[in-house]
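First the structure, in the form of structure tokens, and then the observations on it.
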Amino acid sequence: MTATQTSRQDDAETAVPVANECAAIVEFKSVFKRYGNFTAIDNLDLAIRNGEFLTLLGPSGSGKTTTLMMLAGFDEPTSGSIELEGRRIDNLPAHRREIGVVFQNYALFPHLTVAQNLAFPLSVRRIPKAEIAERVNLALAKVHLDGLAGRRPSQLSGGQQQRVALARAIIFTPRLVVLDEPLGALDKNLREQMQIELKHLHRELGITMVLVTHDQSEALTMSDRVAVLNQGMVEQIDTPEALYERPGTAFVASFIGENNLVKGTVESAANGEAKVRLERGGSVVATVGKGAARGQRVVVCIRPENIGPMRGSNGANVQQFDADVLETIYLGDQRRILVEAKGLGRLSLKMSSGAGHGEMVAGRRIKIGIPNGKSRAFLEEAGAQFAGCARKQ
């Protein structure tokens with residue numbers, strides 16, 4: 001393991017202790033995947049727990065799909081090993097791994113009926129016809145598609161096709177199911193509905209599921225744990241809540257949710273908090289990991305929802321700044337407020353649409369507050385690369 005990987009892992013484990021350990025059904029051990037001089041997967045060690053819904057999340061090129069394809073048997077590691085229930089499988093062909101796969105385009109046979117699509121993986125395993133019919137009916141019931149056995153894929157909606165693909169993946173009782181961005185082709189409303197349905201199906205079936213997605217809201221909605229990948233390595237793996245509330249690296253903080261990123265220097269640090277002097281002249285009190293010391297350069301991450309207008313008496317343990325409103329954007333259930341804050345720079349705030357917004361008009365001078373400890377500081381060298389969804393200063 002490289003020094004950078006060790007640092008990332010140590011930071012993540014320090015920030016978020018992992019609880020409720022249970023047996024691993026899949027283990028990646030020191031896995032590398034190289035394409036010529038390019039390293040797609042860099043010394044991956046990953047344990048997938050039995051019965052969990054794990055999501056591999058990351059930007060394009062992070063290695064999440066490569067990891068999934070190696071697990072499913074459609075690609076193989078350059079070095080290292082992959083074990084399923086303690087048995088090495090990276091040297092086995094895909095059809096001998098007993099892993100169900102759901103692809104983004106569903107990969108249904110257009111000339112076959114729903115029942116025939118579901119029967120296919122059973123027939124190639126030489127299951128008796130009577131048992132095939134029974135399993136097909138049971139699988140259709142599990143995904144709530146009773147009565148559609150005789151239809152062809154073209155006669156189904158996108159959501160129904162997705163359920164057929166899932167039913168085909170589970171019909172031969174695999175040890176686990178992998179899903180490669182299975183909701184990417186659906187419209188927003190249907191995608192959100194299917195996220196909940198997939199989560200419920202996972203609970204009903206009790207089977208291990210591994211999902212690949214670049215959609216952070218999808219990962220947070222569906223997963224028991226999320227592994228955030230960056231440049232072929234796991235930056236952090238934990239529950240959705242822990243990743244959002246206690247990110248272990250600046251990359252995770254910027255990729256999960258939204259953040260305002262500002263740079264500064266540690267003035268003092270003690271008991272997990274640091275006073276940071278920002279480049280624009282202001283200062284904040286931020287949560288910080290072990291090892292922070294006076295004079296170190298850091299990146300401070302401030303969630304938009306943790307910044308708010310100050311009204312009435314001054315709040316205790318809240319840092320206050322004068323700010324000029326630049327723009328107010330109406331988003332239905334919330335408003336996005338862009339401000340230029342003295343001592344911080346340009347920031348994004350989030351407010352409920354039901355809250356008072358009389359002063360939130362372009363050109364108005366307001367006062368904003370950031371509660372102590374609601375921002376997080378990371379050593380700048382550990383956070384040199386950020387996800388594109390964050391606002392940087």
Lys/Arg-Asp/Glu bridge criterion (N-O < 4.0 Å) met for [X], [Y]:
X	Y	value
K33	D75	yes
R280	E340	yes
R175	E85	yes
E327	R346	no
R88	E83	no
R225	E52	yes
R49	E27	no

We want to know whether [X] and [Y] form a side-chain donor-acceptor pair, criterion being a heavy-atom distance below 3.5 angstrom.
X	Y	result
S352	Q334	no
R297	T265	yes
D215	S217	yes
E235	T249	yes

With R125 as the cation and F172 as the aromatic partner, state whether NZ or CZ is under 6.0 Å from the six-membered ring centre and within 45° of the axis.
-> yes

So the salt bridge (charged side-chain N to carboxylate O under 4.0 Å, His left out) pairs with at least one residue in residues 151-166 (sequence neighbours excluded) are R163-E197

Next item on the list: Look at the rings of F103 and F74 and say which category their plane angle falls in: under 30° parallel, 30 to 60° tilted, over 60° perpendicular.
Entry: tilted

Are more than 12 heavy atoms from other residues, nucleotides or ligands located less than 6.0 Å from atom [atom1] of [X]?
X	atom1	value
K342	NZ	no
E267	CD	yes
E204	CD	yes

